[in-house]
Amino acid sequence: MNPQHFSQLAETLIPSEIVKLGAAIKEKIKAGEHIYNYTIGDFDSSLFPIPDYLMKEIINAYKEGYTNYPSAEGELDLRVALAGFLEKKEGLSYSPSEILIACGGRPLIYSIFRSIVDKGDKVIYPVPSWNNNHYTHFTEGVHVQIKTSPENNFLPTASQIAPYLKDATLLALCSPLNPTGTSFSKKELEAICDLVIAENESRADGAKKLYLLYDQIYWTLTFGEAQHYNPVSLRPKMKHYTVFVDGISKAFAATGVRVGWSMGPQELISKMKGINSHIGSWAPMAEQKATARFLSNEKEVDDYLKFFKSEVEYRLTHLYKGFDQLKNEGLPVNAIEPKAAIYLSVQIDLKGKKTKSGKQLSSQEEVTDYILSEAKLALVPFGSFGYDKESNWYRLSVGCCKKEDIENVINNLRNALQLLS
Ligand SMILES: Cc1ncc(COP(=O)(O)O)c(C=O)c1O
């Protein structure tokens with residue numbers, strides 16, 4: 001047995017697999033290979049700059065001397081601006097005391113888990129999904145994974161969730177979903193909310209509640225017919241049981257600016273605040289001031305989203321069309337029509353095929369490597385999001401995709417697929 005030098009948690013925590021994959025690709029790029037790196041859920045800032053207004057206000061706020069500790073719950077002007085923004089854009093009514101600010105979505109998710117989940121509590125989450133497995137590990141919760149399928153756009157259904165709700169403490173859902181770029185239909189989300197309400201109403205007074213963590217960090221990015229729905233607007237009673245995760249990271253291509261927020265029942269928000277303040281995971285003061293000013297300026301927000309959404313949608317739809325074309329040519333690929341976020345779900349079914357050199361691709365890892373080395377295309381397998389390691393579905397992220405590269409990517413992939421027998 002290996003000696004254990006650190007805590008059980010540290011010794012058993014799996015570092016982010018996407019970050020690990022990204023590092024390996026960066027090495028290849030450094031070594032001079034031209035890789036189309038569509039793995040990371042981030043943005044090339046030369047293609048997707050943050051809103052100019054936000055940038056200017058960040059600089060102004062530093063010049064104005066906003067360089068101190070912010071208040072533990074987040075600066076009041078930002079929470080007031082957010083209350084107005086949520087009301088106007090989503091019809092959600094939250095008071096500033098029901099809103100908590102942190103340095104992005106991650107510390108909020110962490111403090112939600114920490115505030116709700118005790119060792120041995122059941123946490124229900126779908127796979128594939130982003131990082132729920134790691135947060136459940138942090139809290140020593142019992143993982144209840146709902147395996148989703150392409151037929152349901154990789155979203156969990158109410159009937160899949162229903163059998164596990166008894167005694168569960170947390171249901172962690174995300175829509176639009178990372179990694180799939182798909183989002184809940186109104187009907188399915190309503191059915192899930194009805195289950196959560198019924199389960200809570202059946203619990204004895206004083207028993208732990210079943211909370212819904214609703215991560216909607218991509219909610220502004222829906223395309224075509226797709227619409228974003230949230231539990232509280234659909235079923236107002238859900239306000240007692242829902243805690244949202246949101247922020248500027250994805251909605252305004254501002255992953256490095258580090259401003260996120262949660263809305264939820266005041267008593268839960270207050271516990272999360274306690275945890276976050278010990279960690280010190282506040283959003284920087286100047287960024288909070290600037291975000292408050294930006295979100296209060298509806299024209300700046302709308303103008304930015306118009307530009308941003310059309311740029312993302314162009315890439316997603318053209319890549320989708322490319323995959324569809326390859327499929328129509330009889331090649332073993334597939335894709336789900338893009339609906340939301342910055343992701344496309346693509347399927348590459350090459351296991352068992354032989355390369356030019358006669359080597360058989362016998363695992364999905366070998367397929368991923370083949371696509372990387374032969375088509376110069378880097379994608380994240382759904383296996384990195386808690387799904388089967390041998391699944392042939394991948395996440396394609398367009399945050400670093402240049403429009404002029406799309407044709408080359410599809411041609412490269414075609415050539416790589418045609419070399420197999
Ligand atoms: C679904 C989802 N939620 C939350 C986050 C965390 O966002 P942040 O960068 O604000 O911590 C991410 C980041 O990739 C995400 O994909």
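Counting convention: from 1, in listed order, for ligands and their atoms alike. Position 1 is the first residue of the sequence, and the numbers go up from there. FYI, side chains are in, hydrogens and waters are out, and symmetry mates aren't considered; it's all heavy atoms of this structure. A quick note: this is a predicted structure, and the numbers were derived from the prediction, not measured.
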* Which residue owns the protein heavy atom closest to atom 16 (O) of ligand 1, what's the atom, and how far is it? -> Asn178 ND2, 2.7 Å

* Considering only protein heavy atoms, which is closest to atom 14 (O) of ligand 1, and at what distance to one decimal place? ->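 I find the closest protein heavy atom is Lys250 NZ, 2.8 Å.
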
Classify the side-chain pair [X]/[Y] by whether it contains a donor and acceptor separated by less than 3.5 Å.
| X | Y | result |
| --- | --- | --- |
| Arg114 | Tyr110 | yes |
| Ser183 | His228 | no |
| Ser233 | Asn230 | yes |
| Glu366 | Ser362 | yes |

Could an N or O of ligand 1 be found under 3.5 Å from any N or O of [X], whether backbone or side chain?
| X | answer |
| --- | --- |
| Cys103 | no |
| Asp215 | yes |
| Arg258 | yes |

Do the charged groups of [X] and [Y] touch, with an N to O distance under 4.0 Å?
| X | Y | result |
| --- | --- | --- |
| Asp167 | Lys122 | no |
| Lys271 | Glu267 | no |
| Lys289 | Glu57 | no |

* Asked: Counting from 1, what ligand 1 atoms have a heavy atom of Ser249 closer than 4.0 Å?
  -> 8 (P), 9 (O), 10 (O)

* Have a look at Trp130, Tyr343, Trp261 and point out the one with the heavy atom closest to atom 12 (C) of ligand 1. => Trp130

* Asked: Contact between Cys174 and ligand 1, counting heavy atoms under 4.0 Å?
  -> yes

* Would you say Ile217 touches ligand 1, if touching means a heavy atom closer than 4.0 Å? ->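 Yes; Ile217 lies near enough to ligand 1 that a heavy-atom distance drops under 4.0 Å.
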
